[in-house]
Every structure is written in structure tokens, then in C-alpha cells.
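Just below is one structure, and these are the notes that go with it.
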Amino acid sequence: MANNNPDDHIKSVRHSLAHLLAATVTELYPGAKNSIGPAVENGFYQDFETPNPISDEELPKIEAAMREKLKTWQNFTRKEVSPDEARKVFDWNPYKLELIDDFAKEDKQITLYTSGTFVDLCRGGHVENASEINPKAFKLTAVSGAYWRGDQTKQQLQRIYGVAFETEDELKKYLQMMEEAKKRDHRKLGQELDLFVISDIVGSGLPLFTPRGTVLREELGRYTQEIRSKRGFERVWTPNIAKTDLYKASGHWDKFGDELFLVKSQETNDEFVLRPMNCPHHIQIYASQPRSYKQLPIKYMENAGDFRDEKTGELHGLSRVRSMTQDDSHAFVREDQIGQVASEVVDAAQEMYSQLDMKLKFRLSFRDDGDGYLGDMALWQRAQGMIEDLAKENKLDYFIAEGEAAFYGPKIDFMATDALGREWQVATVQIDFVLPQRFELEYSTADGGVAQPVMVHCALLGTIERFLSVYIEHTGGKFPIWNAPEQIRLATVNQEYQTNEFADKILAQAKELGLRVNLDNSNESVGKKIRNAELMKVPFTVVIGEKEIETGELMPRIRKDLEVNEKHEPHTVEEFLKSVANDAKSRVSKTSL
RNA sequence: GCCACCUUAGCUCAGUUGGUUAGAGCAUCGGUUUUGUAAACCGAGGGUCGUCGGUUCGAAUCCGACAGGUGGCUCCA
């Protein structure tokens, strides 16, 4: 199918390569059966049942065979067939037979595509001629397992992934981007910059934060609270466990029972749950007193530890953990306040992410027809309508995703784009009519009656751990002054008494200003000390020796990515420290030095 | 949990087809040096080769189980 849209063309190239891969593998591995093979972002894949597992060492061999075969291919020819004809062609392939049965049931026209000697069941979307595929612009990248039709209970197939582009150059660029992503991998930087560790004996998915990593956590945690504090949220503190009854009442027990960590009291035999989320706790604070319409909205926030027993195969650095910290907040509002409160938190998120130098997109996550959602349809529709109105009013860059809702209500999910152009789900705002109902929350109305509040859940960072994984990769570990674990490194030239005395004085002054500063007075060369500070990506390194002692002026060395006005001016100790302290306080990422 | 692959010193990695006391760089420690903007010099310590079991005269190397990790799948309130 000829197409002038370049996006569609590369898709056809990728899809055609999936055919080529299927043709090559079924030939190279007798008995191999291909199932499906679509074009995906940046490339394609094809699933196979194979007599023996294929290992990634075999990919180059397959790739070479693909290039050979490509030479023999010309047109993709299309043929419409009846289900029975198709069954005859694929009598050897149970996956295709299953698909044919499904298509027959749906009364779909069945089409076969032939290229070279390879026939596949396919609805189309190929290049017209195989010569449109650049043999130097694709590469097989990985082999993995994938369930037939994405169903865990079904046969697991071998999936071979490839990437493909129009030109060799684009492929090269893509591979370079992947290299850069590897360099910035938060697990790698987490170790190199000494931010967090994961200990086997503590357990997988349970990251331990070092002093440096803890600074980051706490600076971000403080920021997310400050930004909401300005908007009337009050801090609360609640414990990490609660009786199972709380989660039975909230519905979390049924919804994801096997992901809950259970804790048993040896005294009373009572069962507790390590909390997977904080809403029920906050609800109990709301419910502890009679509330009046005059008090609403009541807004609580807490950077709260949560625990979820994720399956081990799903754990990944800081982005998927078993112990996490949500910068959670819950507003209990009257129905007429939903819009106002929700747009407040949307506004908060926008302020925050612009400060963090990340672009935001908004996904309106609505329910689909499936079950597993609590609350009646009318409530859902009302809430979803409100969310969409809100997105329109705030002129958000949004799209709607059905089936992405929480079980208790629809949400706005915030997708942040990082420095490498990758999108991550971070913040979320959720409107919830269900939990207030389950916990029978109420407030007295102006006319002496009672009404049910609505809950607005919101986490700006999402979880601090997951956000850190994104943020570390976004910044590449070059943190801005305000949250840099170490802001200033003092490097002495020698170990003379006067040098140390002067350095100690600066150190004390800096600490007085609340700066995070370290002194390196080890017996190393100045070059080595600079290098070490540079490797740790410390924003300012200050060499201290005779010159500085004499003049009382410092010549700070500034990390390259920080924008400065007057780089090489000497500054008095006081000027320098105050300016760094100001930049940290106002959370600027460039510096006024 | 499932599929493939991986696990050698604190870190990054060598270690030939199974064959004596398992190596290097960085880091650490000791000494010399007292240093001016990205790596001073010399020396030392550090490993039950992830764990347990098996095959073998002999295992870091081959096989199995378990643990941890990587890439996916499934899941993701």
C-alpha cells in the first residue's frame, strides 16, 4: 500500500521487516511457528514458538540471514481468501488457526500476503516493494519471552525485537541515544554518585538511601510540600500499618490482596497490613470530628511510606520498588469545590515541573467497560465530565485514555518528558466519590442537613523513589544547586596549618548559611581533588591555598552546565557563600555568581 | 510469577578447550611527597570465583536447585 505520509511509510518498513524476520526464523529453525509481528515504536517484533529457545547470541546470525533473504524479495502481493482456504495454508500453525477462527467469527475479510516464498496471514500495511527497506538501517536488539495474546495463562512464546529506520544515519542516532540513556541509567548514577544502595540481605526492591541520596529525597519532599502548603494543605502524620479491617472497608483488600504485606501481632494475633496507600488513614482523621460545610475544603498532605509486594520480576532500581514514599495529599471537598481544588493542584504540578525543568502532558484516565471499578456509573460519568471540563478550562495539553482509571475514580495523570525525550508518568490527581461513600463520610450543610464530601487525591511527584529514578536520568546527575547533595567542595592546596585553619573557617561559615559543603584536605594533588569533585558533579569547587588566605578572595570553579554571569571574577568568601545560599533558597538552577 | 541471559576483590573488568599458590586498574591502608584547577610516587592488605549440591583424579570453568541482577512478558491502586 503506497503512502506518502513518512510516519506511515516507516511503519510499513517496520511491519515488512517483521515478515522478513518471520520468514527467516521459520526457515533457519525448522519447526518454528510465527504468531504475530507488528511494527512498534522505533522498530518491530515477531513472536515465535520454537523447538529450542533462541538466545541473543544468535541474533547476528538471524540478522545476516534476513539481509540475504531481503535481496530475493520484491513485491508484497495480496490475496483475499476464505477462512477455509486460509486454514489449509496454515494447518501447521495453531496460532494462525486461532486468529483465522476469530476473524471468521467477526466476519472479517481474511488476507494473505506473500513476499518471496513466504506467505503470512496479515491485514496489510507493508512497503510496496522490498527495495524500500534499507538493509543497513535495521538491527535485531533483543529476545525475550511473551505470552500468546498477552495472557499469562497461555503459552509463552519467544519474542524477537528489532529496531528499524529509513536511513542508516537514523539508526546510528537511535543507538547513540540508547547509549546515552545507558550512561544516565539511575542505577548506575545511583552507585557512582553514592545516592542509594540495594542490599540483598535487606531485600530486593527495598532501596537504602545514603546521606547524599537522602538530601535529594528530602529537598524534593520539602519542595512538594511547600508548594502545596501555599495552597492550604496541612501536614499530617499517620503510621505505616493498620488493621486489615481498614483495607477491607476501603476496598483495597479485595482489589489487590496478594500485593499486601501482612503483619501479625504476636500478642493479640491481630492482623495488620503494611499500608499500600494512605487514603484510608487520612480519611480517619477527617472522620474523627463532625465537619461543617464552612470548614471545607479540608486538605491533608503527607510524604508517607507505603509498601507493595510487587512480583520480583517487576522490580527495577528505584522506579519499581516494594517500599516507597508518596508525596500524597487528600482534599475533602464539597461538590461545588471540586473544580477549584483540582485546578489548584494542577496549577501546583505545573509550577513544580517547570521548576524541575520538565514538560508536562496530561492523560485523562477514564474507566472502560470492564469490572473491577467501584461505585455506580452515574458517579463516574459525573466525575469524568468534571475532569474533562477542568482540562479544557486550564487549556491543558491532554488526551483521554480509557481503562487507565483507578478503581475508585477517574484521574488526571501527568506525563513528564525528560531530557532524552522519554515520557514518564509522574503526578496524578484523582477525583473520588467512592471512598467517602464506603467510609460514610459527611459534613453538615447550611440547611442543617448532611452531605457527603468528595475526595481529591493528589501526588505531585508520585512516589519520591520513582520520581528520583526519572529525575536522576533527566539531569544525568547534574543536580541544580538547591537539591545538589553537595553544593560546595573545598579543596586545599597543602596541609599547612594556616590552610586548614582558613578552610575550616569557610566551612563553618557555609554551614552557618545552611549550605552543604565538604572539605577535602587529604594528602592528594590539587588536580586529583578537582577531578574527584568533578566526578561527583559538585556545583562549586573552591581551591584554597596561600593566594586565598592572603587576598581573602575565592575563585570558585563552577560546574559547566550551570549558567553564570561572571565566571572568573574572584569573590570575597562572604559574597560567594551568600550568593550560593541565595541561589539554593530561591531554587534557581543557574547561578548569579 | 514466566522466557532468555548474567553473577570473579568495595567498583570496572581479565581469566585460553576443566589442570599448581585466581590477575589488572581504580578505591582502601601505610610510607614518601606538601602539591594551584580532571589522576604524584613506592609498598601492603583485600577473593571459600553469588549460595548449596552433583559430575570428575581435579571445577571460577561442566550439570542441577536456590538467591540476586539485566532485557522483555504479565501486572502497575
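Just so it is clear, the structure is predicted and the values come from calculations on it, not from any experiment.
Side-chain nitrogen and oxygen atoms of A/S525 include at least one within less than 4.0 Å of the OP1 or OP2 phosphate oxygen of B/rA40. Phosphate proximity of B/rU35 to A/K547: absent, as no side-chain N or O sits under 4.0 Å from OP1 or OP2.
With both ends at atom P, the span from B/rG25 to B/rC62 equals 27 Å, rounded to whole Å. Going from the P atom of B/rU32 to that of B/rA39 covers 24 Å, rounded to whole Å. To the nearest whole angstrom, the two C1' atoms, one in B/rG18 and one in B/rC57, are 12 Å apart. Taking atom C1' in both B/rG47 and B/rA22, one finds a spacing of 8 Å when rounded to whole Å. Straight-line distance between the C1' atoms of B/rA38 and B/rA24: roughly 23 Å, to the nearest whole Å. Taking the C1' atom of each, B/rU8 and B/rA60 are spaced 7 Å apart, rounded to whole Å. Rounded to the nearest Å, the gap between the P atom of B/rG64 and that of B/rC5 is 11 Å. Here, B/rC6 and B/rA14 have their P atoms 13 Å apart, quoted to the whole Å.
Scored by the side chain to side chain contact (heavy atoms under 4.5 Å, CB included) test, A/V543 finds A/V493, A/V526, A/I530 as partners (sequence neighbours excluded). The side chain to side chain contact (heavy atoms under 4.5 Å, CB included) check on A/T499 picks up A/T492, A/N494, A/E496, A/I544, A/I549, with sequence neighbours excluded. Residues passing the salt bridge (Lys or Arg N to Asp or Glu O under 4.0 Å) test with A/D368: none are found, sequence neighbours excluded. Among residues two or more places apart in sequence or in another chain, the salt bridge (Lys or Arg N to Asp or Glu O under 4.0 Å) test is passed with A/E404 by A/R363. When the ring-ring contact (aromatic ring centres under 6.0 Å, His included) test is applied to A/Y373, the partners found at least two apart in sequence or on another chain are A/W380. Not a single salt bridge (Lys or Arg N to Asp or Glu O under 4.0 Å) links A/K547 to another residue, sequence neighbours left out.
Set against B/rU37, B/rA40, B/rU34, the side chain of A/I530 has B/rU37 as its closest nucleotide. For A/E524, counting side-chain heavy atoms from C-beta on, the closest listed nucleotide (B/rA40, B/rA38, B/rU74) is B/rA40. Of the candidate nucleotides B/rA38, B/rU35, B/rG69, B/rA38 has the atom lying nearest to any side-chain atom of A/R557. Closest approach to the A/V493 side chain among B/rA39, B/rG36, B/rG68 is made by B/rG36 (side chain taken as heavy atoms from C-beta onward). When distances run from any side-chain atom of A/L535 to the nucleotides B/rA38, B/rU35, B/rG1, the shortest one goes to B/rA38.
The 5' end of RNA chain B is approached more closely, in terms of each residue's nearest nucleotide, by A/R531 than by the other of A/R531 and A/Q430. Place A/I54 and A/G527 on RNA chain B by their nearest nucleotides, and A/I54 ends up nearer the 5' end.
A/F362 and A/F414 have their aromatic ring centers within a separation under 6.0 angstrom. For A/Y300 and A/F233, the ring centers sit 6.0 Å or farther from each other.
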For nucleotides 71-73 of chain B, which of its nitrogen or oxygen atoms have a protein nitrogen or oxygen under 3.5 Å away, and what is each distance?
residue	atom	partner	partner atom	Å
B/rG71	OP1	A/R187	NH2	2.9
B/rG71	OP2	A/R187	NH1	3.3
B/rG71	OP2	A/H316	ND1	3.3
B/rG72	O3'	A/Y161	OH	3.2
B/rG72	O2'	A/S144	OG	2.4
B/rG72	O2'	A/Y161	OH	3.2
B/rG72	N2	A/G145	O	3.4
B/rG72	N2	A/Q156	NE2	3.3
B/rC73	O4'	A/G145	O	2.9
B/rC73	O2'	A/Y147	N	3.0

What pairs of nitrogen or oxygen atoms, one from the protein and one from nucleotides 5-12 of chain B, lie under 3.5 Å apart?
residue	atom	partner	partner atom	Å
B/rC11	O3'	A/Q191	OE1	3.2

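Applying the side chain to side chain donor-acceptor pair (under 3.5 Å) test to pairs two or more places apart or on separate chains, those with a residue in residues 517-528 of chain A are A/E486-A/N518, A/N500-A/N521, A/D520-A/S522.
Remark: P of B/rC75 and CZ of A/R466 are 16 Å apart, rounded to the nearest angstrom. Atom pair A/D309:CG and B/rG1:C1' shows a separation of 12 Å (rounding to whole Å applied). What separates CD of A/Q498 from P of B/rU35 is a distance of 13 Å, to the nearest Å. If you measure from atom CG of A/N532 to atom P of B/rU28, you get 8 Å, rounded to the nearest angstrom. Protein atom CG of A/N523 is 13 Å distant from nucleotide atom P of B/rC41, rounded to whole Å. Taking atom CH2 of A/W148 as the reference point, atom P of B/rU74 lies 13 Å away to the nearest angstrom. Whole-Å rounding puts the A/L260 CG to B/rC76 C1' distance at 14 Å. B/rU35 atom P lies 16 Å from atom CG of A/D520, rounded to whole Å.
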Pair pattern of RNA chain B in dot-bracket, where unpaired bases get dots and | marks partners in another strand, Watson-Crick or G-U under 3.5 angstrom
(((((((..((((.....[...)))).(((((.......))))).....(((((..]....))))))))))))....
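Judged purely by distance below 3.5 Å, without hydrogens or angles, the side chains of A/H457 and A/D328 never pair a donor atom with an acceptor atom. In the model, A/R308 has no side-chain atom that pairs as donor or acceptor with a side-chain atom of A/S323 under 3.5 Å. If you check the side chains of A/E302 and A/H282, you find a donor sitting under 3.5 Å from an acceptor.
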Quick one, give me the B/S/- string for nucleotides 42-50 of chain B, reading 5' to 3', where B means a protein heavy atom under 4.0 Å from the base and S means that only happens at the primed atoms, P, OP1 or OP2.
---------
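Across all strands, A/V543 comes closer than 4.0 Å to base atoms (heavy-atom distances). Heavy atoms of A/E58 sit nowhere under 4.0 angstrom from any nucleic acid atom. Using a 4.0 Å heavy-atom distance criterion, A/E259 is classed as a base contact. Within 4.0 Å (heavy atoms only), A/E496 reaches sugar-phosphate atoms of the nucleic acid but no base atom.
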Please set out all donor-acceptor pairs under 3.5 angstrom arising from side-chain atoms of residues 28-45 of chain A, sequence neighbours excluded.
residue	atom	partner	partner atom	Å
A/Y29	OH	A/E58	OE1	2.5
A/N34	ND2	A/D120	OD2	3.4
A/S35	OG	A/D47	O	3.3

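Residues A/M377 and A/Q381 are in side-chain contact: their nearest non-hydrogen atoms beyond the backbone lie under 4.5 Å apart.
Contact of A/R308 with B/rC76 (side chain to base): no donor-acceptor pair of N or O atoms is detected under 3.5 Å.
Note: A/F576 and A/F540 have perpendicular aromatic rings, judged against thresholds of 30 and 60 degrees for the angle between ring planes.
In this structure, A/R382 satisfies the cation-pi test against A/F433, with its NZ or CZ atom closer than 6.0 Å to the six-membered ring centre and inside 45 degrees of the ring normal. Both tests pass for A/R14 against the ring of A/F165: distance under 6.0 Å to the centre and angle within 45° of the axis.
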